[in-house]
Number of protein chains: 2
Amino acid sequence: MASKSSIASSLTNQLRTAILSGSFAPDSRLRLEELGASYGVSLSPVREALLRLCGEGFVVSEDQRGFRVAQASLRNLQEVIALRAILEPYALRESIDQGDVRWEESLVAVFHRLTRIEQKDGFVPFIAEWERAHREFHLCLVAGCDMPMLQQICAQLHDQADRYRRLYLTKQPPQRNVAREHVEIVEAVLARDKDRACSLLLEHTRQTGALVHAFMMSANDSAQELK
Amino acid sequence: MASKSSIASSLTNQLRTAILSGSFAPDSRLRLEELGASYGVSLSPVREALLRLCGEGFVVSEDQRGFRVAQASLRNLQEVIALRAILEPYALRESIDQGDVRWEESLVAVFHRLTRIEQKDGFVPFIAEWERAHREFHLCLVAGCDMPMLQQICAQLHDQADRYRRLYLTKQPPQRNVAREHVEIVEAVLARDKDRACSLLLEHTRQTGALVHAFMMSANDSAQELK
DNA sequence: CCTTGTAGGATTTTCGAAATTATTGCGGTC
DNA sequence: GACCGCAATAATTTCGAAAATCCTACAAGG
């Protein structure tokens, strides 16, 4: 079922989740024929999907040289973290200012779903269902303000950061109580305590960022040693 | 001449400048055949160019319904202004911190070019040469820091704001001494006075934004009266 | 009078092949 | 032995047409 939309659209989503989940290594080439063959479509929709992902920053293209997965570097991770540190607190502040009851409702709803997933028996992170809900939760936090461009930028930055997390924290046991941090953020938001909510969110993204950063450095170090 | 790059790339640039200069009205449909015919190319590169412009925010696409020029609204203009007010001063501060001598050089160079154009006999704003230099100047201001994503976002926001300026300030005589403001910004940057440079830049973009905003409101008002 | 259904035309989307451009491997030269 | 040109190969880019989808107008039914 599922397709009122075009092949290119659904392929865009498939490829995005594939890249986000690390199925394609950073900086690896994305050959059109290869992708077209493996997804059973012609070259045009593949091309279109990759072009869209270029706009989102997950893919880069060079004229006459095709497409590549965006490379992952320490410097880029730092930039993503820095930009999130500026924009997400700003967006959250605006959302708390302007967000109506419907926004609060959807935040509570998606947070409830996230919590239920975490409480299930045998829960482990990186399960697709949790990833989806977690992403939606973070997007919802900044969705209360009437600023579509800002929301889109926040979504892209979140996805970029998430790619690093899933690349470098693979099967790492959670080092801290992320669920607890989520609870506190929601409580502060519902209490309309802007300063507290923003600083909690800032700390939340900073800590994850720092952790990924540390793992990435150690991974790079051991890669260096192999030479 | 002119083409080591693909047709799609050059078409992207042509269409972007056309949209930026107001040749296509906001929210107007962009028919593929029409564009292909008028530029003498097939549908594939047209499609590709429009897809890229989607990623830059100048075009929007809806599945199975083609492409449209991004619409221009007061709310969107406000958002662009707000985002510039956050990101450009931040980027300028980082640039002044990290920018090396080569950055200073290129800033001085492009500023000199801009000044020369303004001093020419019979200078009027909106001449393509000045627009190009002016754009480059503003991009150069934030190009000193090693943050490619931030620079790209700043470029997009600048272009978005510029579209509004060129849509609504058409043939308006300049209401203030923009050249003077540019000089002061450059002086502050070269003196490495971060606070002054950032507040000057902020004021500069704010004033232009407010002016465009005012003209857009009055244009909307008179449009309302026609009903 | 308003709604619903249906044919026709217009437009987008997809395909498969041709044209253009990069890459690779090899032989020859300095 | 290293470097350059040159063919052979592989990949991307573009084209033109076929397929799928949307929009409009018009007629029939409630």
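Side-chain atoms are counted along with the backbone in the values below, which use heavy atoms only and exclude waters and symmetry mates. Proteins get letters first, then strands, A, B, ... in listed order; numbering begins at 1 in each. Computed from a prediction, not measured in an experiment: that's the story for all the values here.
- Salt bridge A:Arg116/A:Glu129: absent, no basic N to carboxylate O contact under 4.0 Å.
- What separates OH of B:Tyr39 from C1' of D:dT14 is a distance of 18 Å, to the nearest Å.
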Tabulated below should be each protein N or O lying under 3.5 Å from an N or O of nucleotides 5-10 of chain C; please produce it.
none

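- Here the nucleotide nearest the side chain of B:Leu43, chosen from D:dT14, C:dT12, C:dC15, is C:dT12.
- Distances shorter than 4.0 Å separate none of the side-chain N or O atoms of B:Arg47 from OP1 or OP2 on C:dT12.
- The nucleotide whose nearest atom lies closest to any side-chain atom of B:Val41 is, among C:dC15, D:dC15, D:dT13, D:dC15.
- One atom, CZ of B:Phe67, and another, P of D:dC22, lie 15 Å apart when rounded to the nearest Å.
- Remark: A:Asp63 engages B:Arg52 in a salt bridge, criterion side-chain N to carboxylate O under 4.0 Å.
- Here the P atom of nucleotide D:dT14 and the CG atom of A:Leu51 are 11 Å apart, to the nearest Å.
- With contacts defined as side-chain heavy-atom distances shorter than 4.5 Å, the pair B:Val46/B:Leu30 does not qualify.
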Scan nucleotides 23-25 of chain D against the protein and return all N/O pairs shorter than 3.5 Å with their distances rounded to 0.1 Å.
residue, atom, partner, partner atom, Å
D:dC23, OP1, B:Arg65, NE, 3.3

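- In this structure, B:Glu48 places its CD atom 8 Å from C1' of D:dT13, rounding to the nearest Å.
- Taking atom CG of residue A:Leu30 and atom P of nucleotide D:dT12, one finds them 9 Å apart after rounding to whole Å.
- Counting heavy atoms from C-beta outward, B:Phe24 and B:Leu35 have side chains that approach closer than 4.5 Å.
- Following rounding to the nearest Å, A:Leu50 (CG) and D:dA11 (P) show an atom-to-atom distance of 15 Å.
- Applying the 6.0 Å contact sphere to CZ of A:Arg102 captures no more than 12 heavy atoms from other residues, nucleotides or ligands.
- Counting heavy atoms of neighbouring residues, nucleotides and ligands inside a 6.0 Å radius, atom CD of A:Gln71 does not exceed 12 of them.
- Residues forming a ring-ring contact (aromatic ring centres under 6.0 Å, His included) with B:Phe111 (at least two apart in sequence, or on another chain): B:Phe137.
- In this structure, CD1 of A:Ile7 is placed 8 Å from C1' of C:dT13, rounded to the nearest angstrom.
- The aromatic rings of B:His182 and B:His134 sit tilted, their planes meeting at an angle between 30° and 60°.
- In this structure, a donor-acceptor pair under 3.5 Å is absent between the side chains of B:Ser42 and B:Ser44.
- Counting to the nearest Å, the C1' atom of D:dT21 and the CD atom of B:Gln64 are 6 Å from each other.
- Comparing B:Leu32 and B:Ser44 by the nucleotide of DNA chain C whose heavy atom lies nearest to each, the residue mapping closer to the 5' end is B:Leu32.
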